[in-house]
Amino acid sequence: GFDASVLVEFRQRLLASKEECLLFDVFLTKLRDHGYLKTRGHQRTDSTHVLAKVRSLNRVEVVGETFRATLNSLAVAAPEWLKEQWQEAWLERYEHRIENYRLPDGKQAREAFAVVIGNDGSTLLSAIYAESAPAWLREIPAVQTLRRVWVQNFYWEEGELRWRDLSNMPSAGALINSPYDPEALYAQKRETSWIGYKVHVTETCDEDAPHLITHIETAPAPQADDDAIPSIHQALAAQQLLPETHVVDTGYVDAQELVRSRQDYGVDLFGPTREDYHWQAKEGTGFEASHFAINWQKESATCPAGKTSSSWSPVEDRRGNPVIKIKFAVQDCRPCPHREHCTHTHSTSPRRVLTVR
């Protein structure tokens, strides 16, 4: 046997030299040589969530433990420099792990304590980024994490450090949840929510051959499934294992990837498209987007009542995709006898607006 730390060090060396797939690649080559893997067959990809092995922390615990982790890192990397910055109060506050039961009672008291931690962290960051400080201190991972966590949770106003309100924070998927694994992010997929990562697994699914895994890819938890398609195809192409048909679920199907998969790799991305989430489509009683005739050359749309749109505006949606926002005139929509099937009568803007890719 051997100590577990030996295995950890070995895995770290594999990752550092980008050889973590070395044995897997050899295995795929052997399978292909023996005829168990064939190119241009059918493969499928699906994702699953991976939990980060970190403690679940509230916001005050996160900032406190982040500062504590930074002190511990500096005590190893720059002990003499840290002695010059040391404050006696830090020993009492950060000697022990920051835990919920140790925090003050009540929301206001906890926020006040968070500001105390924030000022401690700001003092340390100011010293680290001072011209007299060694530049390499800023490259320490714990210091970089401290800076990011402080930007996410604090802000300056009138010369005072303030605790951010929940309405003034980044999205949950961008927040650092633990200083010991800053890449472990929050995500939610249907009824499942977790902090950690997402893993995409690709396997063959031909009926006349064994089902074999051909690719595994780890991604940030909040990343959309369709963002993984280009890298999956690139990896399969490098192994000469591209399928003819790539079967996926709705999360992987995107108009851009449908086109790019065929053009770049000759792969048919096959799966159900996203359903129209607007109430007209969900209830099945109204005019959904498919009921409108789109004239791309004239940059206009015609509604089921025969009225032509009044404006055509290229914009970006929340994911940064280019879309077209099409609006109809109020004077056409307000008196329309079909209005209840097209737009809510209680709407403050009684006209139909379409958004199409």
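- Linking Ile, Leu, Val, Met, Phe, Trp and Tyr residues whenever their side-chain heavy atoms come within less than 4.5 Å places Y36 and L241 in a single cluster.
- Shortest non-hydrogen contact noted between I232 and T45 is CD1-CG2, 3.9 Å.
- Closest approach of I229 to S261, counting heavy atoms only: CG2-OG, 3.8 Å.
- Considering CG of L258 and CD of Q256, their distance stands at 10.0 Å, rounded to 0.5 Å.
- Not one N or O on the side chain of E316 forms a donor-acceptor pair closer than 3.5 Å with the backbone of N321.
- D25 and Q239 form a side-chain donor-acceptor contact under 3.5 Å, judged by distance and modelled atom types alone.
- A salt bridge links R357 and D254; the closest N-O separation between the charged side-chain nitrogens and carboxylate oxygens is under 4.0 Å.
- A donor atom on one side chain and an acceptor atom on the other are not found under 3.5 Å apart for R148 and N153.
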message: Please evaluate residues S231 and E217 with respect to the criterion side chain to side chain donor-acceptor pair (under 3.5 Å), reporting the C-alpha separation (whole Å), side-chain torsions for both, the decisive distance (0.1 Å), and the verdict.
response: CA-CA 9 Å; S231 57; E217 181 162 327; 2.5 Å; yes
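- Using modelled atom types, one side-chain atom of Q152 and one backbone atom of I176 make a donor-acceptor pair closer than 3.5 Å.
- Between P220 and Y197, the closest side-chain pair of non-hydrogen atoms is not below 4.5 Å.
- The ring-ring contact (aromatic ring centres under 6.0 Å, His included) search around F67 returns W90, Y94, not counting sequence neighbours.
- A continuous path of ILVMFWY side-chain contacts below 4.5 Å connects L31 to L242, so both sit in one hydrophobic cluster.
- Across all their heavy atoms, R334 and P350 have their closest contact at NH2-CG, 3.7 Å.
- Side-chain atoms of K327 and S313 include no donor-acceptor pair closer than 3.5 Å.
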message: Evaluate V323 against V356 for side chain to side chain contact (heavy atoms under 4.5 Å, CB included), listing each step before the verdict.
response: CA-CA 6 Å; V323 296; V356 296; over 6 Å; no
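- A side-chain donor-acceptor contact under 3.5 Å links Y252 and H200.
- When the ring-ring contact (aromatic ring centres under 6.0 Å, His included) test is applied to H233, the partners found at least two apart in sequence or on another chain are H246, Y265.
- Counting all heavy atoms, side chain and backbone alike, V62 lies closest to N177 at CG2-O, 3.5 Å.
- Heavy-atom contacts from other residues, nucleotides or ligands closer than 6.0 Å to NZ of K307 number 12 or fewer.
- Each of T48, T218, D225 was compared with K198 under the side-chain hydrogen bond (donor to acceptor under 3.5 Å, both in side chains) criterion, and only D225 meets it.
- Heavy-atom neighbours of R11 CZ from other residues, nucleotides or ligands within 6.0 Å: at or below the threshold of 12.
- Put simply, the side chain of I140 reaches to within 4.5 Å of the side chain of L74, judged on heavy atoms.
- In this structure, E92 places its CD atom where only 12 or fewer heavy-atom neighbours from other residues, nucleotides or ligands lie under 6.0 Å away.
- Between the R97 side chain and the R68 main chain, no donor and acceptor come within less than 3.5 Å of each other.
- The heavy-atom pair separating L161 from V115 by the smallest distance is O-CG1, 3.7 Å.
- Residues L23 and F27 fail the side-chain proximity criterion, which asks for heavy atoms closer than 4.5 Å.
- The closest donor-acceptor contact from the side chain of W163 to the backbone of A112 lies at 3.5 Å or more, if one exists at all.
- No chain of hydrophobic side-chain contacts below 4.5 Å, direct or via other Ile, Leu, Val, Met, Phe, Trp or Tyr residues, connects V149 to Y180.
- Both W86 and L137 belong to a single network of hydrophobic side chains, linked directly or stepwise wherever heavy atoms of I, L, V, M, F, W or Y lie under 4.5 Å apart.
- What you find for A114 and V60 is that their closest heavy atoms are CB-CG2, 4.2 Å.
- Connection of L125 to W156 is established within a shared hydrophobic cluster, with ILVMFWY side chains joined at heavy-atom distances below 4.5 Å, either directly or through further cluster members.
- You'll find the ring centres of W296 and W312 inside the 6.0 Å limit.
- Heavy atoms of other residues, nucleotides or ligands lying less than 6.0 angstrom from CD of E183 number 12 at most.
- Using bins of under 30°, 30° to 60° and over 60° for the plane-to-plane angle, the ring pair F287/H338 lands in the perpendicular bin.
- Side chains of T204 and D206: a donor-acceptor N/O pair is absent below 3.5 angstrom, by distance only.
- Remark: the backbone N or O of C342 is paired with a side-chain donor or acceptor of R352 at under 3.5 angstrom.
- No salt bridge links E20 with K18; every basic N to acidic carboxylate O contact stays at or beyond 4.0 Å.
- In terms of modelled atom types and a separation under 3.5 Å, the side chain of D249 and the main chain of G251 share a donor-acceptor contact.
- No more than 12 heavy-atom neighbours from other residues, nucleotides or ligands sit within 6.0 angstrom of CZ on R147.
- When side chains are defined from C-beta on, W150 counts as touching V63, because their heavy atoms get closer than 4.5 Å.
- Heavy-atom contacts from other residues, nucleotides or ligands closer than 6.0 Å to CD of Q188 number more than 12.
- Between the side chain of E61 and the backbone N or O of N58 there is at least one donor-acceptor pair closer than 3.5 Å.
- In the model, Q43 has a side-chain atom that pairs as donor or acceptor with a side-chain atom of T214 under 3.5 Å.
- Of the N and O atoms on the side chains of D165 and Y155, not one donor lies less than 3.5 Å from an acceptor on the other residue.
- Using a 4.5 Å cut-off on side-chain heavy atoms (C-beta onward), L354 and E288 make no contact.
- R44 and E203 are joined by a salt bridge, as a carboxylate oxygen and a charged side-chain nitrogen come within less than 4.0 angstrom of each other.
- Under the 4.5 Å side-chain criterion, counting only non-hydrogen atoms from C-beta, I213 is in contact with F24.
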